[in-house]
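A quick write-up on the structure given underneath.
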Amino acid sequence: MIKFRAWSKDLSKYRKLDDISNDQGLGMFFEVQNGIGSNATSICYSINDIPEQFTGLKDVNGKDVYEGDIVQPVRPDTKSKIGTPFKTQKGNYVYGKWAARSIADNGYGVIDWYTGDELVVIGNVHENPELLGEDK
């Protein structure tokens, strides 16, 4: 399922992007085209918003994982932490399959990849940058 959310820099909060949201004119529009690649998606958001896509993953607690989320790798059976948290971002996940800590410099390999049941969402880059050792 394609889902988006948007971080509003102006309001310092998340807004949902979907086909029924009336949150200050935000919305998602679907266009259907004939032929190859029959579905196209367009989203509308404000200029000071940062759109973030759902990764297709749910964490160990069943929470949706979005781009911009900070996730902590955990053991699925005990939920004990493994390593350090990392940011989910474009290019470091395969939709609905796994997320990686990072991509190799050559662009062909991944470093430390985890499935949804090996991750827990602990925050996001906008509200909790300190979880990554960054300032707010």
Side-chain angles (χ1 to χ4, degrees):
M1 167 185 280
I2 298 173
K3 296 192 286 188
F4 290 87
R5 67 183 185 188
W7 175 258
S8 171
K9 292 180 191 177
D10 295 332
L11 301 175
S12 295
K13 72 172 191 170
Y14 275 107
R15 296 194 282 184
K16 187 175 180 180
L17 294 176
D18 61 26
D19 58 349
I20 58 172
S21 176
N22 288 319
D23 193 356
Q24 296 189 10
L26 296 177
M28 182 186 293
F29 304 98
F30 293 94
E31 301 169 353
V32 178
Q33 302 169 343
N34 294 327
I36 298 174
S38 61
N39 292 323
T41 303
S42 299
I43 62 171
C44 295
Y45 52 91
S46 299
I47 195 163
N48 285 328
D49 287 347
I50 301 169
E52 298 171 339
Q53 186 173 353
F54 173 52
T55 65
L57 296 171
K58 290 189 178 284
D59 77 358
V60 70
N61 297 316
K63 184 175 181 176
D64 289 350
V65 180
Y66 282 85
E67 294 171 349
D69 280 339
I70 299 172
V71 293
Q72 170 67 56
V74 296
R75 297 191 188 285
D77 52 347
T78 63
K79 296 186 184 179
S80 59
K81 294 179 184 179
I82 305 171
T84 57
F86 65 93
K87 173 174 66 171
T88 306
Q89 59 191 351
K90 287 180 179 66
N92 81 337
Y93 67 90
V94 171
Y95 188 87
K97 301 293 182 190
W98 51 263
R101 178 174 306 284
S102 62
I103 304 299
D105 290 337
N106 65 11
Y108 295 108
V110 296
I111 299 167
D112 296 339
W113 61 274
Y114 304 93
T115 59
D117 65 349
E118 298 172 307
L119 297 171
V120 62
V121 175
I122 59 171
N124 64 71
V125 297
H126 310 291
E127 297 170 308
N128 316 103
E130 69 279 0
L131 296 173
L132 296 172
E134 300 171 6
D135 292 329
K136 205 170 193 181

If you count heavy atoms of other groups shown closer than 6.0 angstrom to NZ of K63, is the number above 12? no

Mind running side-chain contact (heavy atoms from CB on, under 4.5 Å) on F86 and L119 for me, showing each step along the way? CA-CA 10 Å; F86 65 93; L119 297 171; 4.1 Å; yes

Hey, what's the ring geometry for H126 with W7, parallel, tilted or perpendicular (30° and 60° as the breaks)? parallel

Closest non-hydrogen atom pair, P73 against T84: CD-O, 3.5 Å

Same hydrophobic cluster for V71 and V120, using side-chain heavy-atom links shorter than 4.5 Å among ILVMFWY? no

Separation between CD (Q53) and NZ (K3), nearest 0.5 Å, reads 11.0 Å

Identify the heavy atoms of W113 and V110 that sit nearest to each other, and give their distance. CD1-CG2, 3.7 Å

Output, in order, the C-alpha distance, side-chain angles, deciding distance and verdict of side-chain contact (heavy atoms from CB on, under 4.5 Å) for L132 and I70. CA-CA 8 Å; L132 296 172; I70 299 172; 3.8 Å; yes

Taking 4.0 angstrom as the limit, do K58 and D64 come out as a salt bridge? yes

Between Q89 and N92, do the side chains contain an N or O donor and an N or O acceptor separated by less than 3.5 Å? no

What are the two closest non-hydrogen atoms of K9 and D49, and how far apart are they? N-OD1, 4.4 Å

Ignoring hydrogens, what is the shortest heavy-atom contact between P51 and E67? Give both atom names and the distance. O-OE1, 4.4 Å

Apply the test side-chain hydrogen bond (donor to acceptor under 3.5 Å, both in side chains) to residues Y14 and E52: give CA-CA distance (whole Å), side-chain angles for both, the deciding distance (0.1 Å), then the verdict. CA-CA 10 Å; Y14 275 107; E52 298 171 339; 3.0 Å; yes

Evaluate whether atom CH2 of W98 has more than 12 neighbouring non-hydrogen atoms of other residues, nucleotides or ligands under 6.0 angstrom away. yes

So, Y66 versus R5: side-chain donor-acceptor pair below 3.5 Å or not? no

For residues V60 and K79, report the shortest heavy-atom separation together with the two atoms involved. CG2-CE, 3.8 Å

Please report the shortest heavy-atom distance between N128 and G123, naming the atom on each side. OD1-CA, 3.3 Å

Report yes or no: does D59 contribute a side-chain atom to a donor-acceptor pair with the main-chain N or O of V121 at less than 3.5 Å? yes

Rounded at 0.5 Å granularity, tell me how far CD in Q72 sits from OG in S80. 9.5 Å

